[in-house]
Amino acid sequence: MSITPSISSEPTRAERRDVPKTVDAVVVGAGFSGMYLLHKLRNAGMSAVVFEAGDDVGGTWYWNRYPGARVDVESLAYSYSFDPDLEQRFEWQERYPTQPEILAYARHVADRFDLRRDIVFGTRTTAAHYDEAKRSWTVRTDRGDTVTTRYLVMATGCLSAAKLPEIPGIDAFEGDTYHTAHWPHEGVDFTGKRVGIIGTGSSGVQSIPVIAAQADHLTVFQRTPAYSLPARNRKLTVDEIAGMKARYRAYRKAQQESGFGIPTKIPTKSALEATEEERNAAFEEAWESGSLVNLLTTFTDFATNQEANDLAKRWIHDKIRSIVADPQTADDLCPDYPVGTKRPCLDTGYYETYNRDNVTLVNLRREPLVEITARGIRTEAREYEFDVIVYATGFDAMTGALTNVDIRGRGGASLAETWSAGPRTYLGIGTAGFPNLFMITAPGSPSVLSNMMVSIEQHVDWVCDAIAHLQERGLTTIEPSPEAQDAWVDHVNEIASHTLYPKANSWYMGANVPGKPRVFMPYAGGVGEYRKKCDEVARNGYEGFVLAE
Ligand code: NA7
């Protein structure tokens, strides 16, 4: 079974436009990165075309329509800051908006800035080859387009190459199958159905309670349990919205200077120095707040000290056991890796769902998965029969959407091969040997460890400034020097080595894709520190990059 995007039941919002033969910039992807890029490039007087595989804008929020899909950053913080008027006009409804609300926001932005006229929808970029003599890129698509451009920006997202599990017999199942990242636009009715779901990351954790409420029976196949916090989602009040709108400028500055792109209190105490009472109070406060950053910043040494982290782990285990009635199920739901080293989740009624009579948890560590059969899923213990199987099995994260395109730089070197031992970038923005190729929120930048909107805006601003710098000086190319790149990769690894992140088999480490090198991909030094470094590089004439006439 291959993952093919579901056919949209909505009318295509934009006819496929004529594609120019030559532009100043090609942007791949019309999610929040690609949309903002197009807006900025246009304002800078450049010609640009955006290729987008989906039939409308939104990227992640166009594709991930599974039941219960929400962002886990608050709406008033997970939004563009570049246009104060947009900030004031758009009315967010919920603390943690649903996928339809976020997609509505993306569409609103597209309308507001008339973006769709330069976006070619329903078109996947297949190749981009650099021509050293002409100092240009030739970009090709699955619709037969060929465009020549000076600048190529991959705004392809970090979680966009959806992944099916490597399980024997995956094509054998005769019922319906869905991947959470390619959900049918018309939705799925689970009423009266026996449903099996594989995967308990964010997509599983968010969709399981909703599917369970509808299905006849839901069986959850869990390989690794998630740490999940109750989201405590609710409608925003008029006063909250007005309050944020009144202080937005100061808030945006605080976002940019923060660690996660979400301002939060800075911890001052080690978990090991705190009394048990203080610790319990701090964890309880974080749990009640429904905010992941509050949990991750309870104590100074949470992310760096195993002993400190163990205290949080044990506290969360107790919480899970206090919610889940069946002791074996509760035990199975308790993760053994350090808290925060795999992406934690925000949920609505996740643990409570396991108290329902129509929900069964299968712990694949105790009962390994053997194969998919015509009728369902077979483990070493038995065969489970289903009408529907849902794959909530995640993504080839951070690099998949880049290496899936046949990108070739100097000397015809392929990006996929160049990165075969792990991605190597300078600042997560460019990679040596690939002139004028920019990446938005790529490995080596805070990216998935941050509020993506904050990181996206910072990258887009930086890239557009760099392009302006070249244009103003009559320069034609920019690319990282191998030395600067090596030093940055070492720095990223050095920071990761002081944290507990490498201790978990996470998609941050590429561990969910067989054969993918184990490298901790994002920059863990924080959004504020990273921004300072990027600004300093630009101030020093793009230090570490080679600029050529
Ligand atoms: P994730 O977080 O990568 O979760 C995928 C889940 O699927 C995870 O529980 C995996 O277990 C499980 N999985 C993957 N392959 C298998 C096989 N072969 N057998 C059993 N289980 C498997 O993806 P999501 O879509 O949930 O969330 C992605 C991000 O979106 C999330 O982090 C937020 O940032 C938003 P594993 O943990 O690999 O053992």
Side-chain angles (χ1 to χ4, degrees), residues 1 3 31 59-61 63-73 78 96 99 102 157-170 178-183 196-208 219-229 231 260-261 292-293 296 332-333 335-337 340-347 350 361-372 377-380 389-398 400-401 441 446-453 455 501 504-516 518 521-522:
M1 186 175 121
I3 301 177
T60 291
W61 302 106
W63 296 109
N64 287 267
R65 295 168 187 245
Y66 58 83
R70 285 178 195 278
V71 66
D72 52 15
V73 176
Y78 188 81
Y96 293 111
Q99 174 271 333
I102 306 165
C158 300
L159 297 161
S160 44
K163 199 187 150 296
L164 283 169
E166 296 69 20
I167 305 175
I170 196 144
Y178 303 98
H179 191 288
T180 45
H182 288 287
W183 206 256
I197 182 166
I198 301 178
T200 50
S202 275
S203 305
V205 163
Q206 290 186 336
S207 58
I208 284 165
T219 307
V220 179
F221 293 86
Q222 171 193 275
R223 183 165 68 184
T224 312
Y227 286 101
S228 189
L229 221 66
F260 293 103
L292 289 173
V293 282
L296 300 175
D332 289 340
L333 287 166
D336 57 7
Y337 53 87
T341 52
K342 279 170 90 93
R343 185 67 146 77
C345 307
L346 269 193
D347 71 87
Y350 178 64
L361 178 69
V362 176
N363 180 349
L364 297 174
R365 306 263 168 192
R366 287 194 290 110
E367 189 181 325
L369 209 159
V370 176
E371 61 175 346
I372 307 290
I377 295 175
R378 189 193 307 281
T379 66
E380 283 185 3
I389 296 178
V390 174
Y391 293 102
T393 45
F395 302 86
D396 180 356
M398 303 199 71
T441 65
S447 175
V448 291
L449 297 183
S450 70
N451 174 351
M452 289 302 288
M453 287 299 245
S455 290
Y501 281 118
N505 288 325
S506 66
W507 56 255
Y508 297 145
M509 296 285 296
N512 65 327
V513 180
K516 193 166 170 172
R518 298 280 174 111
M521 292 185 280

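When a ligand or atom number is given, it counts from 1 through the structure's own listing order.
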Open item on the list: Looking only at distances, can you tell me whether any N or O atom of Thr180, backbone or side chain, sits closer than 3.5 Å to an N or O atom of ligand 1?
Closed with: no
Open item on the list: To check your reading of the model: name the closest protein heavy atom to atom 9 (O) of ligand 1, its residue, and the distance in Å.
Closed with: Thr200 N, 2.9 Å
TODO: Could you list the residues that satisfy salt bridge (charged side-chain N to carboxylate O under 4.0 Å, His left out) with Glu380, not counting sequence neighbours?
DONE: none
Open item on the list: Can you confirm, on distance only, whether ligand 1 has an N/O atom lying under 3.5 Å from any N/O atom belonging to Asn512?
Closed with: no
Open item on the list: Please list the nearest protein heavy atom to atom 32 (O) of ligand 1 with its residue and the distance rounded to 0.1 Å.
Closed with: Arg343 CG, 3.1 Å
Task: Check: Arg223 N/O within less than 3.5 Å of ligand 1 N/O - done: yes
Task: Numbered atoms and elements of ligand 1 in range of Lys342, under 4.0 angstrom, heavy atoms - done: 36 (P), 37 (O)
TODO: Examine the proximity of ligand 1 to Val205 and report which part, side chain or backbone, both or neither, has a heavy atom under 4.0 Å away.
DONE: neither
Task: Working for side chain to side chain contact (heavy atoms under 4.5 Å, CB included), residues Thr180 and Thr393 - done: CA-CA 8 Å; Thr180 45; Thr393 45; over 6 Å; no
- [ ] Report the nearest protein non-hydrogen atom to atom 18 (N) of ligand 1: residue, atom name, distance rounded to 0.1 Å.
- [x] Pro165 CB, 3.2 Å
- [ ] Among Tyr66, Tyr391, Trp183, find the residue that satisfies the ring pair (Phe, Tyr, Trp, His ring centres under 6.0 Å) test when tested with Tyr178.
- [x] Trp183
Task: Closest contact, heavy atoms only, Ser207 versus Ile197 - done: OG-CD1, 3.7 Å
Open item on the list: Run Arg365 and Arg223 through side chain to side chain contact (heavy atoms under 4.5 Å, CB included) and show every step you take.
Closed with: CA-CA 6 Å; Arg365 306 263 168 192; Arg223 183 165 68 184; 3.6 Å; yes
Task: Those atoms of ligand 1 less than 4.0 Å from some heavy atom in Leu364 - done: 20 (C)
- [ ] May I ask you to list the atoms of ligand 1 that are less than 4.0 angstrom from any heavy atom of Ile198?
- [x] 20 (C), 21 (N)
Open item on the list: Looking only at protein heavy atoms, which one is nearest to atom 33 (C) of ligand 1, and what is the separation?
Closed with: Ser202 OG, 3.6 Å
Open item on the list: Taking a cutoff of less than 4.0 Å between a non-hydrogen atom of the residue and any ligand atom, is Tyr391 in contact with ligand 1?
Closed with: no
- [ ] Classify the side-chain pair Thr441/Ser455 by whether it contains a donor and acceptor separated by less than 3.5 Å.
- [x] no
Open item on the list: Please identify which of these residues, Val220, Leu369, Val390, meets the side-chain contact (heavy atoms from CB on, under 4.5 Å) condition with Ile198.
Closed with: Leu369
TODO: Please write down residue, atom name and distance for the protein heavy atom closest to atom 3 (O) of ligand 1.
DONE: Trp507 CD1, 3.2 Å
TODO: Distance to 0.1 Å, residue and atom name: give those for the protein heavy atom nearest to atom 23 (O) of ligand 1.
DONE: Gly394 CA, 3.2 Å
Task: side chain to side chain contact (heavy atoms under 4.5 Å, CB included) assessment of Asn64 paired with His182 - done: CA-CA 6 Å; Asn64 287 267; His182 288 287; over 6 Å; no
Task: Proximity of Ala392 to ligand 1 by residue part, where a heavy atom lies under 4.0 Å - done: backbone
Task: Atom indices of ligand 1, in the order listed, that fall short of 4.0 Å to a heavy atom of Thr224 - done: 36 (P), 37 (O), 39 (O)
TODO: Please list, chain by chain and in numerical order, all residues satisfying side-chain hydrogen bond (donor to acceptor under 3.5 Å, both in side chains) with Trp61, sequence neighbours excluded.
DONE: Tyr78
Open item on the list: Considering non-hydrogen atoms of the protein only, which is the closest contact for atom 25 (O) of ligand 1, and what is the distance?
Closed with: Ser203 OG, 2.5 Å
Task: Nearest neighbour in protein (non-hydrogen) for atom 4 (O) of ligand 1 - done: Gly201 CA, 3.5 Å
TODO: Could you tell me which non-hydrogen atom of Cys345 sits nearest to which non-hydrogen atom of Ala226, and how far apart they are?
DONE: SG-CB, 3.8 Å
Open item on the list: I'd like to check which ligand 1 atoms, numbered from 1 as shown, lie under 4.0 Å from a non-hydrogen atom of Leu159.
Closed with: 29 (C), 30 (O), 34 (O)
TODO: Dump the intermediate steps for side chain to side chain contact (heavy atoms under 4.5 Å, CB included) on Gln222 and Val362, then the final yes or no.
DONE: CA-CA 6 Å; Gln222 171 193 275; Val362 176; over 6 Å; no
Task: Element-labelled atoms of ligand 1 that are located less than 4.0 Å from some non-hydrogen atom of Gly199 - done: 6 (C), 7 (O), 9 (O), 12 (C)
